[in-house]
2 protein chains.
Amino acid sequence: MLELAILGFLKEGPAHGYELRTKVAALTGHVRPVADGTLYPAIKRMAGAGWITRRDEPGAAAAPRRVLYLAEAGERELERRLRDPDPLDLSDENRWFTLLAFLRHLDDPAAQAGVLRRRLAFLEQPASFFYDGDRPMRAEEFGDPFRQGLLSIARATSRAELAWLHATIDSLDRAAGP
Amino acid sequence: MLELAILGFLKEGPAHGYELRTKVAALTGHVRPVADGTLYPAIKRMAGAGWITRRDEPGAAAAPRRVLYLAEAGERELERRLRDPDPLDLSDENRWFTLLAFLRHLDDPAAQAGVLRRRLAFLEQPASFFYDGDRPMRAEEFGDPFRQGLLSIARATSRAELAWLHATIDSLDRAAGP
DNA sequence: CATCGATACATCGGAGCCGAGGTATCTCGG
DNA sequence: CCGAGATACCTCGGCTCCGATGTATCGATG
């Protein structure tokens with residue numbers, strides 16, 4: 001998830017680590033702030049894989065900045081991850097939203113629509129949160145307000161996203177169509 | 001997150017591992033299915049910590065079942081985790097929803113309201129997903145539909161939860177109040 | 001009566017992530 | 001001119017998690 005965010009932001013221009021830290025924190029931080037001990041090892045890892053290149057930037061800043069650029073292998077990796085997402089990227093909200101934030105870098109409406117359709121298929125499979133033996137429970141059945149709230153919030157979220165998915169898939173299809 | 005779910009479900013009665021697997025998958029599976037390689041080590045870990053006890057159940061099932069019971073230390077651990085949640089449990093959606101599912105086991109409306117208030121405080125801090133340098137961007141500004149969708153879905157979710165939080169805190173306060 | 005699928009439990013390697021800590025420089029207020 | 005705070009980078013230990021793989025039994029299907 002972090003790696004995708006780094007690839008996506010670097011696609012929009014070079015940045016140094018601390019700058020990425022701010023951007024990633026803004027994007028995913030409303031849910032889970034990124035720790036330095038997560039970010040910098042990720043950068044190192046990705047540089048080792050050849051996805052990004054580092055150049056030392058002299059002067060200017062307080063501490064020596066190491067500017068990060070997306071390498072060609074990194075572009076390919078980003079494209080690959082967007083076009084054919086890991087199953088977890090489609091089911092886990094955090095990962096999915098991260099993917100969504102960079103889906104615009106996939107320069108192909110048909111492929112974009114394909115990704116949205118896969119998320120749609122996931123969202124449309126009926127989910128019951130609680131069971132009484134084999135029987136799925138309905139919200140009205142559990143007396144406590146917490147599980148009722150849980151269900152109603154989850155449903156509101158789901159409705160909002162489903163509506164958006166349908167509308168966006170339609171418009172992408174029109175853009176890709178004959 | 002998994003441990004909290006296991007503690008919570010066992011609070012509602014004993015179960016064997018495979019049964020837990022189903023319940024946990026129903027609760028968190030809409031987002032992130034649980035793998036056997038995650039569940040069984042967690043059970044082992046928690047048995048080692050003295051939170052749950054295992055008894056072999058003879059006969060009946062195909063394979064030998066090991067029934068799990070919540071031990072006293074486990075009850076205390078559950079109470080502790082609900083009453084004073086880890087910061088990550090308040091920010092990460094997955095973790096938060098799991099916590100919410102078992103908040104009813106905290107037998108104290110004032111404490112429950114306290115937990116909701118902490119989530120409220122987190123949700124109320126303004127979140128901007130994207131920045132143009134230092135300046136937070138508004139949804140209308142980024143042309144691509146994906147980030148617009150991301151923002152509108154996130155806001156719909158946030159609105160739904162905020163409304164529920166306020167209403168529920170009020171009613172808990174009335175229940176706890178004089 | 002043999003095979004397949006579901007039930008049920010378990011282990012292993014590898015990976016990402018968190019939290020805490022550490023280093024160094026620059027700027028600004030007192 | 002001194003110290004506090006922001007900037008900027010990095011490492012380490014420990015934990016949880018994933019995915020693959022393995023074992024064994026029961027019931028139903030053909």
Side-chain angles (χ1 to χ4, degrees), chain A residues 1-7 14-25 28-29 31-49 51-52 54-68 81 85-92 94-95 98 134, chain B residues 1-7 14-25 28-29 31-49 51-52 54-68 81 85-92 94-95 98 134:
Chain A
M1 195 200 70
L2 214 205
E3 295 189 355
L4 184 59
I6 292 175
L7 291 170
H16 56 273
Y18 206 74
E19 207 171 341
L20 274 183
R21 190 180 137 284
T22 312
K23 289 187 180 190
V24 172
T28 68
V31 148
R32 178 201 218 70
V34 63
D36 278 8
T38 305
L39 179 66
Y40 287 104
I43 289 172
K44 202 178 181 183
R45 203 163 62 227
M46 294 167 74
W51 298 341
I52 60 183
R54 288 191 276 190
R55 258 192 284 275
D56 280 34
E57 189 189 67
R65 286 180 174 170
R66 317 193 68 180
V67 183
L68 311 169
R81 291 195 188 202
D86 184 295
L88 264 184
D89 287 340
L90 295 168
S91 59
D92 185 299
N94 303 170
R95 286 169 180 262
T98 304
D134 279 350
Chain B
M1 194 201 73
L2 215 206
E3 295 189 355
L4 183 59
I6 293 175
L7 291 172
H16 56 272
Y18 206 73
E19 207 172 339
L20 274 183
R21 189 181 138 284
T22 312
K23 289 186 180 189
V24 173
T28 68
V31 148
R32 178 202 219 71
V34 63
D36 278 9
T38 305
L39 179 66
Y40 287 104
I43 290 172
K44 204 179 181 183
R45 204 162 61 227
M46 295 167 73
W51 298 340
I52 60 183
R54 287 192 277 190
R55 257 193 284 274
D56 280 36
E57 187 189 68
R65 286 179 174 171
R66 318 193 68 181
V67 183
L68 311 169
R81 292 196 188 203
D86 185 295
L88 266 184
D89 287 339
L90 295 167
S91 59
D92 185 299
N94 303 169
R95 285 168 180 263
T98 303
D134 279 349

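Quantities reported herein were computed from a predicted structural model and do not represent experimental measurements. All heavy atoms count here, side chains included; hydrogens, waters and symmetry mates do not. In what follows, chains are A, B, ... by sequence order, proteins preceding strands, each numbered from 1.
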Can you tell me which nucleotide in dA10(C), dC18(D), dA8(D) comes closest to the side chain of Arg54(B)? dA10(C)
State, with a plain yes or no, whether a side-chain heavy atom of Leu7(A) is found less than 4.5 Å away from one of Met46(A). yes
Closer than 4.0 angstrom, basic N to acidic O: yes or no for Asp86(A) and Arg81(A)? no
Take the protein atom CZ of Arg21(A) and the nucleotide atom C1' of dC10(D), then report the distance between them rounded to whole Å. 13 Å
Of Leu88(A) and Val67(A), whose closest DNA chain D nucleotide lies nearer the 5' terminus? Val67(A)
From C-beta outward on Asp36(B), which listed nucleotide comes closest to its side chain: dT11(D), dC9(C), dG19(C)? dC9(C)
Nucleotide nearest Arg66(A) (side chain, heavy atoms from C-beta), chosen from dT7(C), dC18(D), dC10(D): dC10(D)
Mind calculating the distance between CG (Leu39(A)) and P (dT7(D)) to the nearest angstrom? 15 Å
Atom of Arg95(A), atom of Leu88(A) and distance for their closest heavy-atom approach: CD-O, 3.6 Å
Here the distance between atom P of dG16(C) and atom CE of Met46(A), to the nearest Å, is 10 Å
Which part of the nucleic acid does Leu2(A) contact within heavy-atom distance under 4.0 Å: base, sugar-phosphate only, or nothing? sugar-phosphate
Once you round it to whole Å, what is the distance between P of dT16(D) and CD1 of Ile43(B)? 14 Å
Short side-chain N/O contact to dG16(C) OP1/OP2 from Arg45(A), under 4.0 Å: yes
What is the distance from atom CG of Leu39(B) to atom OG1 of Thr22(B), rounded to the nearest 0.5 Å? 9.5 Å
Show your reasoning for whether side-chain contact (heavy atoms from CB on, under 4.5 Å) applies to Val24(B) and Leu2(B). CA-CA 8 Å; Val24(B) 173; Leu2(B) 215 206; 4.0 Å; yes
Quick one: Arg95(A) CZ to dC17(C) C1', roughly how many Å, whole number? 11 Å
Would you indicate which nucleotide in dC9(C), dA8(D), dG19(D) comes nearest to any side-chain atom of Arg65(A)? dA8(D)
So, does Lys44(B) get its side chain near the phosphate of dC9(C), meaning an N or O under 4.0 Å from OP1 or OP2? no
Asp56(A) CG to dC10(D) C1', in whole Å, measures 13 Å
Met1(B) side chain, from C-beta outward: closest of dT11(C), dC17(D), dA8(C): dC17(D)
Applying a 4.0 Å non-hydrogen cut-off, can you work out what Gly37(A) is touching in the nucleic acid: base, sugar-phosphate, or nothing? base
Just the rounded figure in Å: distance from C1' of dA10(C) to OH of Tyr18(B). 13 Å
Asn94(A) atom CG is separated from dG16(C) atom C1', nearest whole Å, by 14 Å
dG16(C), OP1 or OP2 - any side-chain N/O from Thr38(A) closer than 4.0 Å? no
